[in-house]
Amino acid sequence: MRGGCRIAAGRAMLQRQFLEETRIMRSPVVVPRIAVIAALVSIVVPLSLYGHAYKTAANPAPDSSVDTSPDRVVVRFSEEIEPRGSEVRILDADGQRVPAGESTVSPDDRREMFVELEEELPHGTYTVLWQNVSTVDGHPLQGFFLFAVGEPLEAGAVAPGAEDAAAASPVQAIGRWLTLFGIAAIIGGLLFHLIIVGPPLRRDTALTPLGTRLNVRRWMVSVAGIVLFLLGSVVELAGQAQLLGGAPLWTVVTDTAWGSSWLWRMGAWLVLVVSMVPGLKASRSGSSSNKSDASEQHGLSYGHGSIVVAVAAIAAIALTSHVATGTEARDPALINHFVHMTASSVWIGGMLYLILTVPIVVKNLTTEQLRGELPGVANRFWTIAIVSIVTLLMSGLYNAWVQLATPAAFATPYGETLVVKVILVALLFFAAAADLLWLRPKMRSDDDAPRWLGRIGWTEVVIAALVLLSVGFLASTEPASQAADRLGLLDPDRQTTFSAEDEGTEVTLSVQPGVVGRNRLIFDLEDSAGNPIDNAEEVAVNLANLSDEGVTLDRTGSNVGGGRYVIERLAFTVPGEWRADVVVRRTGAFDAHMDFEFRVAGETVQAADLLPGVTAWSLLIAQLVIIGALIGSLAYASKRRGRAP
C-alpha cells in the first residue's frame, strides 16, 4: 500500500515537474538570455577574417617580358604572411637556382615578400617559385609564375609541376578532432543539463538523490570535454610547428597570428577550468540538502557562463579553419562556419550526455514513471536536435558551396574527404530518424525502449566521432577550390582528351592536367580492329602556341606497353590555345598524321572570383531567417501544447 502511494505521489510529482518545466521554458526570461548570448557571439566573431595568402601581384609581372634584369623580385599576397616558412626562389631555364639573397617579408607590409638578386640576369626565361604560411589561419600555400628578360617567354623553360593536392596533416587532423569533440562534450552536456533535466531537478526536493547523481555525471562529462579540448589544442600546436619547419612551440605561440588565436582559445579553456573548481568541490562534498543546493547554484552560474565561454572558444577555432576561399564571400562564410560548428557541438554533445544519463534515470525511476516522463525528455531533446539538424544541413550545404565552388573540386582530396563526411552524416541522420519515428512511440508502452535508446544513442555517438574526425582532416587538407585551381579543374569548358584516326591508326591524346607547368601527355594507339599498337617506331609531337608562333616544342613519346606512349614532365610555360601535330610511324604501314587543338590553363582563374559576395550574403541571411522561423514555430507549438487542457 505504501509502495502504491509512493508511486502515485511520484507520478503526481513528475506531472507537476513537467508543467513547471514547461512554464519555465515559456518564461520571458529565456529570451533575454538568448539575446545576450547572441550578442556575445556577434562580438567574438570578427568579420574581417581572411584565409590563405593568395598571390595577387608580382614585380616583374607574371608571364611578362622585361628589357633589363630586375634588382629584386617581389611577390604580393592577399594576406599577411609569416616570415618563417615563406620563401621565394628563382630558377633559370635549366632549372638551376639563380644566386640571390634570403627571402624577406617586408617589415612595412607583411603582405609582401621579396628577394634581392646578387647579379644581373642574362637574357632568358625564369621561373619564380614561392611558398608562404598565412598569419591568419596558419595554412601553407605555394605557387609559381614566369617572366622573361630581353626576349619572349620560352616554352622550354623550367616550370614546377601541378602536383597532387597537398595531403592532410595527420597531426593537425587528430588535434582538431580531439578539440571539436571536447567542445561538443562541454557545450552539449551543459545545454542538456540546463534545459532538459536541470529545471525540474532544481525545483523538486524529492528528486535530490537523482539530481545529485546526474550532477556528478554532468561534471564528469565537462571535465572529460575540457581534457580533450586541452589535449587537442596542444596537438594542433605541434602540427602547426611542423608546418613552420619545426619551429619551437613558444615561437609559434608568441610570433604568429595563428598562435594569437590559439592563446585566445586557451584563455577560454582556463576560464572554464577555474569556474569548474568550486562546483567540483561542492559535488564531491556530499548529498546534503544545503551542499546540493550550493552545487546546483554554482552549476547554474557555471552553466550559463561556460556556454558563452565555450562559444567564444568555437569562434577562436573558426579563426584557424578553412572558412572562406573567396575574396567577397569570406565574411559570410566565416559566420556560417561558426554556426555550423556550434550546431554540431550542441547535437553531438547532447547525444553524448543523453546516453550517459539515461542509465541513471532508469535505475532511479519506476517503469511507470519512465513510460510517463521519458517521452517528454525525448521530446524536449528532439526540439533542440531538430533545430541543430536543420542548421547542420543548411550550413553544411553552404560550406560545401563555398569550399568547392565547382563540382570539379570533388576530384581533390578535400572533395573526396567531404564525400566521406556526407556519407557519415547521412548515416547519423538515419539513426536519428530511427530515434524519432520508431523509438519515440515505443517509449510509452515498451519496457525495452530505454535500452534501445542507449544502443541507438551509442551508435550515433560513434558515427558522430567519425564525422568530427573527417572534419579534422578537412581542416588540415588543402582547400578544394585552391587545389582545383592549381590543378586546372576550375575551367569546365577546357577539354583535355581528344581522339582522331588516320591511315588505320586511331590516336587518343590526353593532356594531364593541361595547365601551365609540368604536364603529362599520353598517346593511346589502336589499329582499325581496335587492337593496341605496341610496335610503333616513333610517336612524335610538335607543340605550338597559336598566339605566339615562336613558342614551340618537339617531343617523342616513350613506349610503356599496351599501346600507350607517354611524354613525362612536359613544361607548358605559356597559357592559351595550343596545337599538337602528332606523327605515328609504324613498320609496314603509312605514317599517320593528326592535329589536335587544346587550351592550357594558367593562373587566370581564381577560386576567389567564383563566389559573388552579394549571393553569399543573401544565402546566409536566408538561411538564418529560416532557422529563426523554425525556432519560433517550435516555441509557438510548445506554448500551444502548454495551454492545452
Side-chain angles (χ1 to χ4, degrees), residues 54-55 58 60-65 91 93 95 124-130 142-148 151-165 405-406 408-409 411-412 481-500 507-524 539-557 565-583 594-610:
Y54 289 97
K55 175 179 68 65
D63 300 329
S64 67
S65 179
L91 307 181
T125 299
Y126 297 88
T127 303
V128 179
L129 306 176
W130 58 264
Q142 60 184 358
F144 76 97
F145 64 91
L146 307 175
F147 72 93
E151 61 183 39
L153 289 173
E154 293 182 5
V158 175
E163 308 293 346
D164 292 336
T406 172
T412 65
S481 53
Q482 170 186 308
D485 184 25
R486 187 164 53 78
L487 295 173
L489 301 176
L490 294 185
D491 188 355
D493 298 326
R494 183 170 52 84
Q495 184 179 355
T496 57
T497 302
F498 316 86
S499 295
V507 176
T508 299
L509 169 63
S510 298
V511 184
Q512 300 176 351
V515 298
V516 170
R518 286 186 185 139
N519 287 257
R520 190 173 190 238
L521 269 59
I522 300 175
F523 304 86
D524 289 311
V539 178
V541 61
N542 173 266
L543 297 154
N545 185 271
L546 298 181
S547 60
D548 189 341
E549 296 181 358
V551 180
T552 61
L553 283 169
D554 292 295
R555 295 289 188 272
T556 301
Y565 300 77
V566 178
I567 299 174
E568 300 281 2
R569 303 171 69 84
L570 175 71
F572 289 117
T573 57
V574 179
E577 300 295 330
W578 284 72
R579 183 180 66 246
D581 297 327
V582 180
V583 178
M594 281 146 285
D595 292 337
F596 304 97
E597 292 188 3
F598 57 93
R599 182 152 51 93
V600 172
E603 293 190 313
T604 56
V605 180
Q606 289 289 340
D609 300 330
L610 301 180

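Every heavy atom of this structure was used, including side-chain atoms; hydrogens, water molecules and symmetry mates were not.
To the nearest 0.5 angstrom, Ser510 atom OG is 10.0 Å from Phe596 atom CZ. Taking CG of Leu91 as the start and OH of Tyr126 as the end, the distance is 11.0 Å to the nearest 0.5 Å. In this structure, Ile567 CD1 and Asn519 CG are separated by 11.0 Å, a value rounded to the nearest 0.5 Å. Interatomic distance, Thr496 OG1 to Arg599 CZ, rounded to the nearest 0.5 Å: 11.5 Å.
When all heavy atoms of Phe145 and Pro60 are compared, the closest pair comes out as CE1-O, 3.6 Å. Contact record, Gly124 with Glu151: CA-OE2, 3.2 Å, taken as the closest heavy-atom pair.
For Asp595, the salt bridge (Lys or Arg N to Asp or Glu O under 4.0 Å) test picks out no residue, with sequence neighbours left out. For Thr556, the side-chain hydrogen bond (donor to acceptor under 3.5 Å, both in side chains) criterion is met by no residue, not counting sequence neighbours.
Looking at Asn542, its side chain never comes within 3.5 Å of a backbone N or O of Asp554 through a donor-acceptor pair.
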| Yes or no on side chain to side chain contact (heavy atoms under 4.5 Å, CB included) for Leu521 and Arg555, after CA distance, side-chain angles and deciding distance? | CA-CA 10 Å; Leu521 269 59; Arg555 295 289 188 272; over 6 Å; no

| field | Working for side chain to side chain contact (heavy atoms under 4.5 Å, CB included), residues Val541 and Leu509 | value | CA-CA 11 Å; Val541 61; Leu509 169 63; over 6 Å; no

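Counting heavy atoms from C-beta on, the side chains of Leu543 and Phe598 come closer than 4.5 Å.
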